[in-house]
Number of protein chains: 2
Amino acid sequence: MLADLAGIGRDPTTGGYRRHVWNDADMLLREWFVGEAAARGMDVVEDGNGNQLAWWGSPGPDALLTGSHLDSVPDGGAYDGPLGVVSSFAAIDRLRADGFTPSRPVVVGSFADEEGARFGIACAGSQLVTGALAADRALAQKDRDGLTMAEVMAARGRDPRAVGRADWLGDIGTFVELHVEQGRSLVHSGAPVGVATAIWPHGRWRLDFCGEANHAGATLMQDRHDPMQAYAATVLASRRLATEASARATFGRLEVEPGGTNAIPSRVRAWLDARASDDESLEHLVEQVVAEARAASDLDGTSVEVTAESVSPAVDFDVPLRDRLAELLDAPVLPTGAGHDAGVLSAHVPTAMLFVRNPTGVSHSPVEHADDGDCEAGVVALAAVMRELAS
Amino acid sequence: MLADLAGIGRDPTTGGYRRHVWNDADMLLREWFVGEAAARGMDVVEDGNGNQLAWWGSPGPDALLTGSHLDSVPDGGAYDGPLGVVSSFAAIDRLRADGFTPSRPVVVGSFADEEGARFGIACAGSQLVTGALAADRALAQKDRDGLTMAEVMAARGRDPRAVGRADWLGDIGTFVELHVEQGRSLVHSGAPVGVATAIWPHGRWRLDFCGEANHAGATLMQDRHDPMQAYAATVLASRRLATEASARATFGRLEVEPGGTNAIPSRVRAWLDARASDDESLEHLVEQVVAEARAASDLDGTSVEVTAESVSPAVDFDVPLRDRLAELLDAPVLPTGAGHDAGVLSAHVPTAMLFVRNPTGVSHSPVEHADDGDCEAGVVALAAVMRELAS
């Protein structure tokens with residue numbers, strides 16, 4: 001199944017995937033999902049947010065949800081998301097081959113817009129279902145072409161008025177998401193599959209470094225109010241602070257105005273992605289980074305404005321479920337610094353995550369990888385979990 | 001005359017000008033130029049490159065050319081370029097009011113595309129006339145909409161086959177360009193008008209910082225190969241090195257790949273604009289900046305590739321002409337870090353530049369300014385120069 005997906009949405013120059021919600025690749029992936037479900041006699045429902053659900057058995061209460069997402073970050077890899085969807089179908093195939101019949105409905109989900117690459121809000125599909133994200137706010141988000149989510153959905157024949165909380169969530173009794181590990185904990189553990197303990201709190205802050213545009217040739221260095229300098233100082237400080245705190249800080253997106261080679265910038269707009277092991281540590285880290293940004297700006301006669309665009313608190317997964325699965329699979333437990341739909345749903349239903357070993361630890365990149373044997377181990381583990389929870 | 005131009009091509013949100021070659025604003029400015037010339041009984045010739053020439057007297061050999069350009073950088077100011085054109089017409093008005101008749105043809109020029117904001121080549125109009133820029137190369141340049149210069153010119157009724165060297169250059173005996181100062185040397189000198197000694201050598205280098213994309217949340221700080229870090233270190237080093245050398249270094253344009261908030265970049269492509277007082281100093285400055293970039297990249301397991309996109313050697317203006325004008329005007333002499341059409345023509349005809357005081361030193365920005373009294377002093381000076389050189 002992963003091989004069937006390999007050609008969809010891949011950039012020929014980078015080899016990375018550009019599967020962003022409602023783009024052409026995303027539409028093909030939706031067709032693929034419907035086809036796989038149909039081949040297994042599973043009915044597919046797409047909710048008003050674009051989340052797809054394939055039901056094994058009639059939709060009904062106390063269902064066991066598995067699955068993940070099919071979209072990617074810009075230049076993403078082949079496993080982040082698709083591995084969980086593909087493994088869910090494969091696990092069902094194994095159980096059926098063994099003659100297993102579930103005692104509760106089992107449903108494979110593909111969440112819309114998990115990466116938030118197009119409209120800037122991660123886990124938008126799951127957040128809309130749970131009400132964590134208001135429909136109005138989501139619909140007004142714009143992509144880089146200036147199109148709102150409402151306009152984009154309408155162009156794909158979806159009704160923007162249907163966006164928001166969805167009834168199906170009330171039918172879910174348990175959610176188990178399988179995902180490629182984004183890190184090397186399982187390499188160190190020597191285990192192909194692990195069980196998640198928690199998702200670190202994380203967030204995105206926009207830092208607008210503002211200065212004064214001027215001529216790059218004629219303006220003395222000491223007469224400048226160049227916001228690029230404070231930005232650069234902040235980038236270096238963020239690494240030092242995050243390293244000291246065993247946390248994470250990343251500047252991966254940037255806009256420079258006016259953006260001319262021969263013009264000192266008037267504004268550098270940068271996004272800080274920060275994560276830490278607990279809410280207090282994260283807050284402290286961001287305070288320190290902002291303090292460094294302000295200090296550097298003050299020295300240059302520039303300024304910095306900080307906007308918290310999204311902050312997700314720590315998620316501790318359901319402890320009895322986690323312990324039950326870790327014992328069942330004889331698998332190590334580990335936290336993750338990455339956000340997931342499972343983190344969103346865990347506030348509403350008992351939720352667990354399985355991670356599959358990633359030999360390089362690299363993700364959000366074309367070189368993201370998992371060995372075939374480990375993917376197979378993931379399917380076996382997920383089938384065991386389904387059997388355990390739906391017998 | 002500047003007030004007549006104030007509304008042309010101004011962006012209502014930024015207050016800056018967007019007068020780019022062959023855009024609607026540029027066409028209006030061309031009409032304005034023709035009208036001002038006609039009001040003075042001066043014949044206008046537009047050459048195949050879009051350079052406009054208004055002749056006082058019949059076109060002929062050993063003419064005295066004055067003028068500058070009417071186009072702007074993105075979000076540019078009102079004085080850079082237009083002040084030289086307007087002052088030329090105003091100086092002629094003064095001379096005529098005094099009953100002066102020139103002994104040689106005097107011609108007011110408005111050079112096309114001095115800023116290169118649309119097609120990326122500065123001083124394109126003057127470089128085409130002199131042959132410093134090949135017609136084929138210019139015509140193939142594309143703007144941000146993907147239109148070639150040839151297509152854009154044809155759409156404005158201009159014949160792309162006429163682009164290139166122009167005969168009128170052979171008739172020019174002397175060129176004097178008046179320009180607002182881009183810096184504060186005249187503020188320090190206490191003089192409203194100065195005479196240029198030289199244009200600093202300058203160039204543009206592209207630095208590709210290459211690393212490894214990865215997940216911003218799941219990747220330990222010490223496991224990263226994040227090229228943003230070496231970029232940031234290079235930005236800070238470039239300021240230190242340029243300041244120590246009394247030179248200039250600017251990073252005003254940047255592209256980050258993949259550009260996702262939650263992805264460690266795989267590549268940061270940055271453009272270094274560097275200038276120094278002589279060719280050797282510039283070369284040394286760039287070598288030092290590149291060495292810092294390499295050292296920082298090596299520490300992170302990333303790399304940097306450097307491409308010299310354009311390098312312009314130093315221009316020393318004609319010394320006898322410079323000294324004659326400085327003595328005539330009792331004006332200070334000063335170098336400039338900015339490129340000008342006068343720098344291009346100086347390789348072909350004796351050329352001088354006059355600068356008008358800029359109280360803030362700011363240019364290439366909507367806040368660029370010159371006081372009315374200083375503009376008037378510029379006109380008086382330019383009229384004196386015309387009288388001196390055309391008596």
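Lettering of chains follows the sequences in order, A, B, ..., and the numbering in each one begins at 1. Computed from a predicted model, the values in this text were never measured in an experiment.
For A:E115, the parts lying near chain B are the backbone and the side chain together; criterion is any non-hydrogen pair under 4.5 Å. Interface remark: A:V362 contributes backbone and side-chain atoms alike to the contact with chain B (heavy atom separation under 4.5 Å). Within the 4.5 angstrom heavy-atom criterion, no atom of A:A117 approaches chain B. For A:R239, the parts sitting under 4.5 Å from any heavy atom of chain B are the backbone and the side chain alike. Using a 4.5 Å cut-off between heavy atoms, A:D11 does not touch chain B at all. Within the 4.5 angstrom heavy-atom criterion, atoms from both the backbone and the side chain of A:V235 approach chain B. Looking at A:A270, neither its backbone nor its side chain comes within 4.5 Å of chain B, counting heavy atoms on both sides. In this structure, chain B has a heavy atom under 4.5 Å from the side chain of A:R224, while its backbone stays farther away. For chain B, the nearby parts of A:H215 are the backbone and the side chain; heavy atoms of each come within less than 4.5 Å.
Remark: side-chain polar atoms of A:D75 are not paired, donor with acceptor, to backbone N or O of B:P258 under 3.5 angstrom.
Most heavy-atom pairs under 4.5 Å with chain A: of the set B:P265, B:S363, B:S365, this distinction falls to B:S363. Interface check for chain A: of the options B:L220, B:V73, B:V268, the most heavy-atom pairs under 4.5 Å are formed by B:L220.
Residues B:T250 and A:N262 are not in side-chain contact: their nearest non-hydrogen atoms beyond the backbone lie 4.5 Å or more apart.
Looking only at atom types and distance, the side chain of B:R184 has no donor-acceptor partner in the side chain of A:T219 under 3.5 Å away.
When the side-chain hydrogen bond (donor to acceptor under 3.5 Å, both in side chains) test is applied to A:R144, no partner is found at least two apart in sequence or on another chain.
Applying the salt bridge (Lys or Arg N to Asp or Glu O under 4.0 Å) rule to pairs touching residues 246-260 of chain B yields B:R253-B:E255, B:E257-B:R267, sequence neighbours excluded.
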